[in-house]
2 protein chains.
Amino acid sequence: MKKILIIEDDKTIIEGLEDTFSFHDFQVFTAVSGSEGIRLFKEKKPRLVILDIMLPGIDGFEVCKKIKSIDPGIPVIMLTAKSQESDKLLGFELGADDYVTKPFSIKVLVARVKAVLKRSAGKSLKEKTITLGAVEINLKSFTIKKGGTEHALSPKEAEILTLLLDNPEEVIDRDRIIDEVWGDEYYPSPRTIDNFILKLRTKIEKDPRNPEHILTVHGAGYKFKTNSS
Amino acid sequence: MKKILIIEDDKTIIEGLEDTFSFHDFQVFTAVSGSEGIRLFKEKKPRLVILDIMLPGIDGFEVCKKIKSIDPGIPVIMLTAKSQESDKLLGFELGADDYVTKPFSIKVLVARVKAVLKRSAGKSLKEKTITLGAVEINLKSFTIKKGGTEHALSPKEAEILTLLLDNPEEVIDRDRIIDEVWGDEYYPSPRTIDNFILKLRTKIEKDPRNPEHILTVHGAGYKFKTNSS
DNA sequence: TAAGTTTGTCATAAAATTGTCACCGGCGGG
DNA sequence: CCCGCCGGTGACAATTTTATGACAAACTTA
């Protein structure tokens, strides 16, 4: 579940956006001021920020600058009432990734968000197929080929696998998996995660009982190893 | 050299566009009225049309309709002074492929033109017939031959099938299907899509209950497989 | 090595998604 | 004007995925 943060002081707009983006399977956090926004940003670590320029207290440009200094890679979409080019330019200079002028159509905004996310995740693994010896992982087609047979991945399986693959050699603890795959308002039982790992192993590993790629780090989490050497 | 046709009554704009697109290696034809535009369209057979909505005589919408009736595949980009959603909607309904609001930046327009051309070039599948074992798909004539019998495709069926065919092996989720086939503005019920898939399957698959080509990826979308191995 | 945790595995329950079919309204052709 | 096709919906069944609990196995630590 993708997390996004909306910083906007108009409650009406917030409400509408919250509904819409929830509907489109985003987990939405909202802030009505710049400082709250920055706090939430640090706390929730969203994948994208929608940011109004006109804010009480710190203005949107400052917030953008601050956010970008925390994580330069995070996509930011600016909202503004003025359609003036100068603002737009300033926004882009400060690192905004896209720009939407009020009044905007919700549909357009959703489309932009998706586009920006896609762009920022562009070079991600989803484009490629990963080959590990006799195993071929293709996230784009939700598919794993092992030996001669092809296994299908379910959405959750794919998400977990993507997370592991995105951070090879790095230990990912359960909290992180839960946070990134389920979002932080849901707490599946610990067994749930084991089960997905189990299923992934039967699909990826030659000998699921002796995994070579999806390794358990007892007491800490799981880790993905690319070279089985 | 790609031919484009610009239909626009403002001479200043025409001049600017002509320069710019020439510079970008397009061969440009221009018309200052709808009827002249349609005549030139038939005569020059351009790859893309840039069309102002406000025209003396026949208005842009009519011209668009006419052009699309001559060649439904031709990309049309609409220009307008009004940024009103309603106009946009009408434009899209009549088959405009993109929409640019005056005053526009030339850069943006060029980018749009290239994007639209790229998109429509991808549809070159439409030229070919695809053969899958005993099944023959002909997007150009909206026709599928399975065994001895020939099935006709409805427009929507064809659009969905084209989308799948354009991205073989790739999982296309429902949102994407909706975006690309219905557009941003409309949300059909989930059942609607199932139904089209159902209809496509009865036309393509040998055993519609056990599809070999149009596969469901539960929770994620649909996927087209070419080789039924 | 034994106790205490953490993880693996399996069966099974719960939830979500998709398949299928019947049916409605609009539109164009005969 | 009637009929049939197309696009669209709703109800319900079928299927698949997700979640959980019980218990075995493995690991840590003392």
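Reminder, nothing fancy here: chain letters follow the sequence lines and each chain counts from 1. Because only heavy atoms are used, hydrogens play no part in the values below, and waters and symmetry mates are left out as well, while side chains stay in. Here the structure is a predicted model, which means the values were calculated and not measured.
Computed from coordinates, the B:L215 CG to D:dT15 C1' distance equals 15 Å when rounded to whole Å. When rounded to the nearest whole Å, the span between CZ of A:R209 and C1' of D:dA26 equals 13 Å. When the C1' atom of D:dA25 is taken as reference, atom CZ of A:R201 falls 13 Å away, rounded to whole Å. Note: CG (B:L198) to P (D:dG8) measures 15 Å, nearest angstrom. Note: CD1 (A:I193) to C1' (D:dT20) measures 13 Å, nearest angstrom. The nearest whole Å value for the distance from the CG atom in A:N195 to the P atom in D:dA24 is 17 Å. Atoms CH2 (A:W182) and P (D:dT17) sit 15 Å apart, rounded to a whole Å. Rounding to whole angstrom units, CG of residue B:L161 and C1' of D:dC6 are separated by 17 Å.
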Residue pair A:D52, A:D10: steps toward the side chain to side chain contact (heavy atoms under 4.5 Å, CB included) verdict:
CA-CA 9 Å; A:D52 193 8; A:D10 183 331; 5.9 Å; no
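Each of B:E157 and A:Y187 was matched to the nucleotide of DNA chain D holding its nearest heavy atom; the match closer to the 5' end belongs to B:E157. A residue-by-residue look at A:S189 and B:P188 shows that B:P188 has its nearest nucleotide of DNA chain D further toward the 5' end.
Using a 4.0 Å cutoff to heavy atoms of chain A, the contacted part of DNA chain C runs 5' to 3' from C:dT6 to C:dC10.
Scanning residues 171-180 of chain A for heavy-atom distances under 4.0 Å to DNA chain D yields an empty list.
The side-chain heavy atoms of B:E205 and B:I214, taken from C-beta on, include a pair separated by under 4.5 Å. Using a 4.5 Å heavy-atom threshold, the side chains of A:T192 and A:W182 count as touching.
With 3.5 Å as the limit, one finds no donor-acceptor pair spanning the side chains of A:S154 and A:K199.
Nucleic acid contact class of B:P190 (heavy atoms, under 4.0 Å, all strands): none.
Side-chain atoms of B:T192 lie closest to D:dG8 of the nucleotides D:dG8, D:dT17, D:dG7. Nearest nucleotide to the A:P155 side chain, out of D:dT18, D:dC27, D:dC6: D:dT18.
Between A:F23 and B:Y187, the two ring planes are perpendicular [angle over 60°; tilted spans 30° to 60°].
Between A:K45 and A:D71 there is no salt bridge, since none of the side-chain N atoms of the basic residue sits less than 4.0 Å from a carboxylate O of the acidic one.
For A:F21, the ring-ring contact (aromatic ring centres under 6.0 Å, His included) criterion is met by A:F26, not counting sequence neighbours.
Contact annotation: B:S154 side-chain N/O to D:dG7 OP1/OP2 distance is under 4.0 Å.
Looking only at distances, a side-chain donor or acceptor of B:K203 sits under 3.5 Å from a matching main-chain atom of B:A152.
Between A:N138 atom CG and A:I130 atom CD1 the span is 8.0 Å, to the nearest 0.5 Å.
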